[in-house]
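In what follows, a single structure is set out as structure tokens and then discussed.
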Amino acid sequence: SQTIHQWPATLVQPVGSPLSLECTVEGTSNPNLYWYRQAAGRGLQLLFYSVGIGQISSEVPQNLSASRPQDRQFILSSKKLLLSDSGFYLCAWSMLTGLSYNSPLHFGNGTRLTVT
Amino acid sequence: QQQVKQSPQSLIVQKGGISIINCAYENTAFDYFPWYQQFPGKGPALLIAIRPDVSEKKEGRFTISFNKSAKQFSLHIMDSQPGDSATYFCAASSAGGTSYGKLTFGQGTILTVHP
């Protein structure tokens, strides 16, 4: 079965510090990978998605970037964190065929980032 | 046109009651409508989903009702239990076009079921 791992679970970082969040998927090949952010415990905002190694699409201009160095690894980064980057960051995956009734989106358990 | 509007923002139900959450969309290209359940500190988990060629999908105590002409769909939780207390998200996507591979989420409903 497929599993998705995110770490760390919680992170407290000062303003201006760098960020690196990692996500890996096991049990599947060539997945679509996604980074979402959830602010104030509510809505889900798509930040980046990737359909393959080195292929990243950005949804929202921001202080963040994403990379996919390996097929099942997705990394969210920032060079200098802002207070507004605080939130709950979720990695997700789906089959390469895209989202459908037979290919749902699966989320990891997230990273709670607090920028102080 | 990409929005999915969800209501209510919060809902309080007594144990054994029916919880109803509604969503409306505008993009007629949407063809996949899942619902996610999220407990505090956890990622959302797929609860139930429906395709637009059916009007209702039932799994246990959870039912999706879909009205294509009105561009609305809803989640009904029968015999609501305290363990159902969570945040629920509706979502939609299309198999093609600019929405390919992306889910558009509603803003979420915080459900509290009192014992």
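Remember, predicted model here, so these are calculated numbers, not experimental data.
Put simply, the side chain of B:K42 does not reach to within 4.5 Å of the side chain of A:F88, judged on heavy atoms. Looking at B:Y32 and A:P104, their side chains come closer than 4.5 Å, going by heavy atoms from C-beta outward. Within the 4.5 Å cutoff, no side-chain heavy atoms of B:F105 are placed close to those of A:Q38.
Taken together through direct or relayed side-chain contacts under 4.5 Å among Ile, Leu, Val, Met, Phe, Trp and Tyr, A:V12 and A:Y89 form parts of separate hydrophobic clusters. By the rule that hydrophobic residues join a cluster once side-chain heavy atoms approach within less than 4.5 Å of another member, B:I20 and B:L75 end up as members of separate clusters. One hydrophobic cluster, built from ILVMFWY side chains closer than 4.5 Å, holds both A:L33 and A:M95. Tracing side-chain contacts under 4.5 Å through hydrophobic residues (I, L, V, M, F, W, Y), one reaches B:F66 starting from B:I77; they form part of the same cluster. Residues A:V25 and A:I53 fall into different hydrophobic clusters, defined by Ile, Leu, Val, Met, Phe, Trp and Tyr side chains chained together at heavy-atom separations under 4.5 Å.
To the nearest 0.5 Å, atom CG of residue A:L44 and atom OG1 of residue B:T87 are 10.0 Å apart. Taking CG of B:L103 as the reference point, atom OH of A:Y36 lies at 5.0 Å (rounded to 0.5 Å). Annotation: the span from B:K102 atom NZ to A:S94 atom OG amounts to 12.5 Å, rounded to 0.5 Å.
For B:P34, no part lies near chain A; criterion is any non-hydrogen pair under 4.5 Å. For B:F33, no part lies near chain A; criterion is any non-hydrogen pair under 4.5 Å.
Ranked by heavy-atom pairs shorter than 4.5 Å toward chain B, the options A:L90, A:I4, A:T10, A:N109 are led by A:N109.
At least one donor-acceptor pair closer than 3.5 Å links the side chain of B:Y36 to the backbone N or O of A:L105.
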